[in-house]
Amino acid sequence: MTPEERYRPLFEPLRIGPVVAPNRFYQVPHCTGMGHVLPQTLAAMRGVKAEGGWGVVCTEYCSIHPSSDDQPHPFASLWDDGDVRNLALMAERVHEHGSLAGAELWHGGSYVPNLASRVPPIGVRSMPSRNDPVQSRRMDRRDIRLLREWHRAAALRARDAGFDIVYVYPAHGYLLSEFLSRTLNGRSDEYGGSLENRVRLVRELIEDTRDAVGDRCAVAVRFSADGHGDEHMSAAEAHDAIGLLAELPDLWDFVVADYYGEEMAGSRFLPEASLETKVAAVRKLTTKPVVSVGRFTSPDTMLRQLKSGVLDFVGAARPSIADPFLPAKIREGRYEDIRECIGCNFCYAHNYRGAAVRCTQNPTMGEEWRKGWHPEKIPAGSGGSVLVVGAGPAGLEAAMSLGRRGYDVSLAEASGEPGGRVARESRLPGLAEWGRVRDYRVGQIRRMANVALYFESPLGVAEVREFGADHVLVATGARWRADGRGRTAPGGIAGLDAERVCTPDDLMAGARPAGRVVVYDDDNYYMGPVLAQLLARHGAEVTYVTTSSHAGYWSEYTGERPATHAALLADGVRVVLNRALARYADRNAEFACVYSAELMALEADRLVLVTSREPNDALYRELAGENPDGSEGSVRAIGDCAQPALIAHAVYAGHEAARELGGVIPAGFARDRLVR
Ligand code: ADP
Ligand code: SF4
């Protein structure tokens, strides 16, 4: 059987109610940080996914009414005709490639504070919003009637905008989940009490939607396969509820109760296809097509989902962000070209931060409209030779992209392996999949005749000059500081016992301090917690101390904060919050409370400092200094050597430098405006 025949089931069309999906690749609703704010950016990004072969491409959560407003997160909306015009852009871009467009109608209920609309939130009963000091207003019969009218009107707007699939969304803790919950729904009317009553509103919305748009649009339901936690809806009850509604929708989109810990867990915590057992349990309750997710990147895993009958559509959010052309690559047998998602959740962090989605693996994500970047196409260059110094993520991405532009590229790496920080970090607990950043790029480069990769080649100014390339990109990375300098101590920390201090670089190079070890985190993302786990697993007695109020604070935005803290506890690490390092001498570390300055002492045989990094920019500065007018000339610093940041930033910088080489660096870029 040829590979094309083997994967053919993934490319068979399938009917969903009144519409037909061209294949089994289904981009489920996922947030983008674009929503109602950046309509052209959104349309271009979703259109590229359809171009790459996703047979169904959905919106993010799409509010039906101003009483459901998730500001500052840029949700989509279908409140009025202006929204119809904006979202019609997306549907058009998706249709241009023969794919179906889906709209996920959403009401946030008590969860949202309605910061922008200032409408009091409504809920099945009055209860606190997720984060803000406000409570919702209990819905009465009139509110329920109005909700049905809003939902119906939004469904009609979705149809008018050109959407082919319209969702009813009783999941993820939003308004309809409140009605399903045994604990929250204390109503004594026909919407409360028995399961039939708690499901009533969902049933009515499915029927209303079908009645409004069912002749033209499919009706999909997004539902949790294992309930909402036993106090709200047990897995058994969820199965019963699905049974009650089984044949009503045209498609079931199954999710799970634990959104952060399971459904969109990072690769640090869960592998591919982790929802399979739970979805398989509900799949048999309906004859309608089923879609679900599982950070699928392997064509064989996708095929298995279809062949075993668990899924009819392979659902994806993150894998479609990392590689919008994943379906096309499978169809063409180009498996080694697939840019696999690494499960870092950097994409998700940006909806949370109110900014457009971006991706560690795919630097073009979010730049399809603003910069006109395409994930698979890059303009040919003007010719010439380029020397790239350093084969970390910045250097690898730059060399690969320049190779695609036709330049004659030499990539010189000081060490004996490619990947830089990615190679080092992917050997830490839970970060193995991050090595895909290196593997994808090295795999591509090895097949390019015009890109040469040299190891054991530490270059100084003399060697770079001798090389005589037309252009030089310096991607020499950064090193962790050993003096405590960072956010909390911008001038460093005096009196540190340097003999007993380690940095993350020391640990990644193989050092394994034993005994009582304190990991001090003023960086506050993944590095501190992961190193604490590493040392605990090697038998050290580890205390993790952070200047922040949470372990790995920035993991809040990637949805990994609870799992980060739980993992530390599971590995026997003691966690101390809100403490800043004051001094470390005689195996005694003192930490000041960030609020009161009261001191706390910890005995520590070794202290690991995770504070900030220093760019390795000496080579760049010397090369750039040769230009008497202070201009960069043909030398450019990229990645951590210019700006120590995350792997995603280094990849983006490498890509941007490759796109801009030999051309004019744009002074600015287009700003998206509402087009209504
Ligand atoms: P980035 O994230 O910006 O890509 P990394 O630290 O991951 O940075 O990678 C930098 C790479 O550059 C490392 O693999 C390092 O070995 C290499 N490197 C640093 N200095 C030199 C040099 N002078 N010559 C060649 N390679 C270098
Ligand atoms: Fe995957 Fe990370 Fe890209 Fe998100 S940012 S799609 S998790 S590689």
Side-chain angles (χ1 to χ4, degrees), residues 29 31 35-36 59-80 83 103-158 166-209 212 221-224 228-229 231-233 241 257 259:
C31 59
H36 69 96
T59 62
E60 53 266 84
Y61 58 154
C62 185
S63 171
I64 60 171
H65 184 264
S67 59
S68 178
D69 145 31
D70 205 21
Q71 175 121 328
H73 310 302
F75 55 98
S77 57
L78 274 168
W79 294 355
D80 55 28
D83 282 341
E104 183 189 41
L105 303 189
W106 163 76
H107 198 292
S110 303
Y111 185 93
V112 287
N114 296 344
L115 297 181
S117 71
R118 302 183 67 170
V119 176
I122 52 173
V124 71
R125 70 170 200 203
S126 179
M127 60 182 148
S129 79
R130 180 163 183 252
N131 283 322
D132 291 77
V134 296
Q135 288 196 202
S136 54
R137 180 173 64 73
R138 182 185 187 277
M139 293 170 73
D140 57 23
R141 281 172 184 280
R142 181 174 165 275
D143 292 314
I144 293 176
R145 202 184 67 241
L146 284 175
L147 178 85
R148 290 180 62 181
E149 286 173 17
W150 301 335
H151 199 279
R152 182 185 177 89
L156 288 167
R157 290 191 194 104
V166 177
Y167 270 72
V168 176
Y169 182 20
H172 293 148
Y174 297 126
L175 180 63
L176 299 178
S177 313
E178 295 177 24
F179 275 82
L180 295 177
S181 164
R182 199 176 339 105
T183 303
L184 302 179
N185 183 333
R187 305 184 76 94
S188 53
D189 59 13
E190 68 270 33
Y191 293 98
S194 67
L195 183 64
E196 284 81 355
N197 281 358
R198 284 183 278 135
V199 166
R200 184 179 308 279
L201 183 56
V202 175
R203 173 191 291 277
E204 288 174 346
L205 293 182
I206 298 171
E207 289 168 351
D208 291 347
T209 308
V221 173
R222 206 171 204 196
F223 205 91
S224 171
H228 299 270
E231 66 180 310
H232 296 293
M233 177 180 254
Y259 179 66

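Distance check, rounded to the nearest 0.5 Å: CD1 of Ile64 to CG of Leu205 gives 7.5 Å. Between the OH atom in Tyr61 and the NE2 atom in His172 there is a gap of 12.5 Å [rounded to 0.5 Å]. Distance check: His232 NE2 to Leu184 CG gives 5.0 Å after rounding to the nearest 0.5 Å. Between atom CG of residue Leu147 and atom CZ of residue Phe179 there is a gap of 7.5 Å, rounded to the nearest 0.5 Å.
The list of ring pair (Phe, Tyr, Trp, His ring centres under 6.0 Å) pairs with a residue in residues 110-136, not counting sequence neighbours, reads Tyr111-Tyr174. Within the structure, ring pair (Phe, Tyr, Trp, His ring centres under 6.0 Å) pairs that include any residue of residues 124-154 comprise His65-Trp150 (at least two apart or interchain).
Under the 4.5 Å side-chain criterion, counting only non-hydrogen atoms from C-beta, Ser181 is not in contact with Val124. Inter-residue side-chain proximity for Pro29 and Arg222 is flagged as met; some heavy-atom pair is nearer than 4.5 Å. Asp70 is listed as a side-chain neighbour of Trp106, based on a closest heavy-atom distance under 4.5 Å. In this structure the side chain of Leu201 reaches within 4.5 angstrom of the side chain of Arg148, judged on heavy atoms. Looking at Leu180 and Val199, their side chains come closer than 4.5 Å, going by heavy atoms from C-beta outward.
Looking at residues two or more places apart in sequence or on another chain, you find a side-chain contact (heavy atoms from CB on, under 4.5 Å) between Glu231 and Thr183. When the side-chain contact (heavy atoms from CB on, under 4.5 Å) test is applied to Val166, the partners found at least two apart in sequence or on another chain are Leu105, Ala155, Ala158, Thr209, Val213, Cys217. For Arg125, the side-chain hydrogen bond (donor to acceptor under 3.5 Å, both in side chains) criterion is met by no residue, not counting sequence neighbours. Here Asp132 pairs with Pro113, Leu115, Ser129, Val134 under the side-chain contact (heavy atoms from CB on, under 4.5 Å) rule; sequence neighbours left out.
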Legend entry - Residues Ile206, Arg203; criterion side-chain contact (heavy atoms from CB on, under 4.5 Å); working and verdict: CA-CA 5 Å; Ile206 298 171; Arg203 173 191 291 277; 5.6 Å; no
Inset, instruction - For side-chain contact (heavy atoms from CB on, under 4.5 Å), just list the numbers for Arg157 and Asp83, CA-CA rounded to whole Å, side-chain angles, deciding distance to a tenth of an Å, and then say yes or no. - result: CA-CA 8 Å; Arg157 290 191 194 104; Asp83 282 341; 5.9 Å; no
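Using a cutoff of 4.0 Å between basic side-chain nitrogens and carboxylate oxygens, Glu190 and Arg200 are not scored as salt-bridged. Between Arg187 and Asp189 there is a salt bridge, with a side-chain nitrogen of the basic residue lying less than 4.0 Å from a carboxylate oxygen of the acidic one.
Within the 3.5 Å criterion, the main-chain N or O of Pro128 finds no donor-acceptor partner in the side chain of Ser110. For the pair Thr59 (side chain) and Glu104 (backbone), a donor-acceptor distance under 3.5 Å is present. For Arg198 (side chain) and Gly193 (main-chain N/O), a donor-acceptor pair under 3.5 Å exists by modelled atom type. Side chain of Glu178 to backbone of Gly109: no donor-acceptor contact under 3.5 angstrom is found. For the pair Ser224 (side chain) and Ala257 (backbone), a donor-acceptor distance under 3.5 Å is present. Looking at Asn185, its side chain does come within 3.5 Å of a backbone N or O of Tyr191 through a donor-acceptor pair. Under a 3.5 Å cut-off, the side chain of Arg137 and the backbone N or O of Pro120 do not form any donor-acceptor pair. A donor-acceptor contact shorter than 3.5 Å links the side chain of Asp69 to the backbone of Ala116.
Considering all non-hydrogen atoms of both residues, Ser126 and Ser136 come closest at OG-O, 2.7 Å. Heavy atoms only, all atoms of each residue included: Val112 and Ser68 are closest at CG2-CA, 4.2 Å. Of all heavy-atom pairs between Ser177 and Pro170, the closest is OG-C, 3.7 Å. Shown here for Pro74 and Glu60, the closest heavy-atom pair between the two residues is O-OE2, 4.3 Å. His228 and Ala171 get closest at one heavy-atom pair: CE1-CA, 4.0 Å.
Side chains of His107 and Ser67: a donor on one and an acceptor on the other come within 3.5 Å.
The aromatic rings of Trp79 and His36 sit parallel, their planes meeting at an angle under 30°, below the 60° perpendicular limit.
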